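Since the structure is predicted, the reported quantities are computational estimates derived from the model, not experimental observations.
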Amino acid sequence: MPAILAEYTTRSALTRTELPVHAGIRYGALPCESLDFFPARGPRAPLLVFVHGGYWQELGKDDSSFPARRLVPAGAAFAAIGYGLAPRYRLDEIVDQVRRAVRWLVEHAQDLGFDGERIVLAGSSAGAHLALMALLDGWMPGGTQPADVIAGAVLLSGVYDLEPLRLTYVNEPLGLDSEAAARLSPIRHLPDRLPPLVVARGGAETAEFARQHRALVEAATTRSAAVHDLVITHRNHFDITFDLDDPASDLGAAVLHRLGLPGRASRRAAGDSVRSHRDIGST
């Protein structure tokens, strides 16, 4: 794990030297409430918004630039959201920060030059939890629901039910009791309508991550027009993010499809190892 996390940082630093980036854009008043934006190379491009993982207590937006390296040349804009970390910030506050960052991007689509109707959220591990929390109803102003403005989401190896995690060491900096774990578990509060989803995990994951993956796919099936279910056997909980912008991988191809960008026609590239692959409810 430390080697893979170091690779996040190395690849992200290289990406920021290769692509134009507007770093540290403030979406709120706190120092942690900022994001990095990589503009697309053309007008009216889709936007991929990435929310990093780290169990809500590690990593940051500076470690999250690397998917832009191939997504921007493919025709997308890219944003990496920064947020406060536990234990300094409670999980309620972190959820609110990510939601406000998403709202800020929606409201500033024209200023930043991307297509406000083609915003796709993505997140890994705790970031997938936060991205899904941003898809729940009831927090956007004026009665707007996230499914009205978010075109899709890519959820990687996510934590969608916090109660099992509450009983582990991970909860020490979070301090969740049973009520907070239930309130902040997005799978327990899914709206009637979700945008199209890519739900993916690595093959080398713990049984609990596999269970939560299956549970979300099943719960989302009746709420989303399309649920793309991927289990990538040669990836693990941490390196699955390296497929996010790889057009030769099944995950990368699915991301390009959700963004409405051209990609490879075949589902499986040579060497891909995918145990499960379903499009549910799609036409």
Side-chain angles (χ1 to χ4, degrees), residues 11-12 14-16 18-22 36-51 64-80 102 105-106 109-110 112-124 127-128 131 135 147-156 194-202 220 224-232 234-235 239-274 276-283:
R11 292 191 185 194
S12 293
L14 179 62
T15 299
R16 289 192 296 274
E18 294 181 341
L19 296 175
V21 57
H22 303 292
D36 292 346
F37 177 74
F38 294 78
R41 294 179 174 178
R44 302 291 295 171
L47 171 70
L48 186 80
V49 182
F50 185 71
V51 187
S64 307
S65 300
F66 61 90
R69 192 177 184 193
R70 284 183 285 195
L71 287 174
V72 169
F78 180 86
V102 171
L105 286 164
V106 169
Q110 185 173 357
L112 294 173
F114 63 85
D115 187 345
E117 297 182 354
R118 298 166 69 192
I119 299 173
V120 175
L121 302 185
S124 175
L135 295 178
D148 297 329
V149 294
I150 302 300
V154 180
L155 306 174
L156 309 179
L194 286 166
L197 302 178
V198 176
V199 185
R201 69 169 177 89
S224 171
V227 177
H228 192 132
D229 173 11
L230 279 172
V231 177
I232 307 171
H234 70 283
R235 289 300 193 185
D239 69 2
I240 190 173
T241 53
F242 294 146
D243 279 1
L244 194 64
D245 65 328
D246 181 1
S249 71
D250 279 280
L251 177 58
V255 170
L256 291 176
H257 177 69
R258 284 275 62 85
L259 290 167
L261 296 172
R264 61 182 172 84
S266 62
R267 179 181 70 83
R268 182 172 298 208
D272 273 356
S273 179
V274 181
S276 172
H277 185 291
R278 292 180 289 166
D279 274 312
I280 304 170
S282 60
T283 57

Test side chain to side chain contact (heavy atoms under 4.5 Å, CB included) applied to Ala77 - qualifying residues, sequence neighbours left out: Phe37, Ala40, Leu47, Phe114

Residues Ile150, Val102; criterion side chain to side chain contact (heavy atoms under 4.5 Å, CB included); working and verdict: CA-CA 9 Å; Ile150 302 300; Val102 171; 4.0 Å; yes

For Pro196 against Ser224, the heavy-atom pair lying closest together: CA-OG, 3.4 Å

Worked verdict on Leu194 versus Leu135 for side chain to side chain contact (heavy atoms under 4.5 Å, CB included): CA-CA 7 Å; Leu194 286 166; Leu135 295 178; 4.1 Å; yes

Nearest heavy atoms of Gly116 and Ala109, plus distance in Å: CA-CB, 3.6 Å

side-chain hydrogen bond (donor to acceptor under 3.5 Å, both in side chains) contacts touching residues 113-124 (sequence neighbours left out): Arg44-Asp115

Which residues share a side chain to side chain contact (heavy atoms under 4.5 Å, CB included) with Ala200, sequence neighbours left out: Leu156, Leu230, Ile240, Leu251

Working for side chain to side chain contact (heavy atoms under 4.5 Å, CB included), residues Leu259 and Leu48: CA-CA 8 Å; Leu259 290 167; Leu48 186 80; 4.3 Å; yes

CG-CZ distance between Leu19 and Phe78, expressed to the nearest 0.5 angstrom: 10.5 Å

Ring pair (Phe, Tyr, Trp, His ring centres under 6.0 Å) against Phe66, all qualifying residues, sequence neighbours excluded: Tyr8, Phe242

Derivation and outcome, side chain to side chain contact (heavy atoms under 4.5 Å, CB included), residues Val255 and Leu244: CA-CA 7 Å; Val255 170; Leu244 194 64; 3.8 Å; yes

Expected output: side-chain Ser249 to main-chain Asp243 donor-acceptor under 3.5 Å: yes

Side-chain donor-acceptor pairs of residues 68-75 under 3.5 Å, sequence neighbours excluded:
from: Arg69; atom 1: NE; to: Glu18; atom 2: OE1; distance (Å): 2.8
from: Arg69; atom 1: NH2; to: Glu18; atom 2: OE2; distance (Å): 3.2
from: Arg70; atom 1: NE; to: Asp245; atom 2: O; distance (Å): 3.4
from: Arg70; atom 1: NE; to: Asp245; atom 2: OD2; distance (Å): 3.3

From CG (Leu14) to CZ (Arg16), nearest 0.5 Å: 10.0 Å

Validation row: Pro46, Val120 side chains within 4.5 angstrom (heavy atoms): no

Ala131 versus Gly123, closest heavy-atom pair with distance: CB-N, 4.5 Å

Nearest heavy-atom neighbours spanning Pro39 and Pro20: CD-O, 3.4 Å

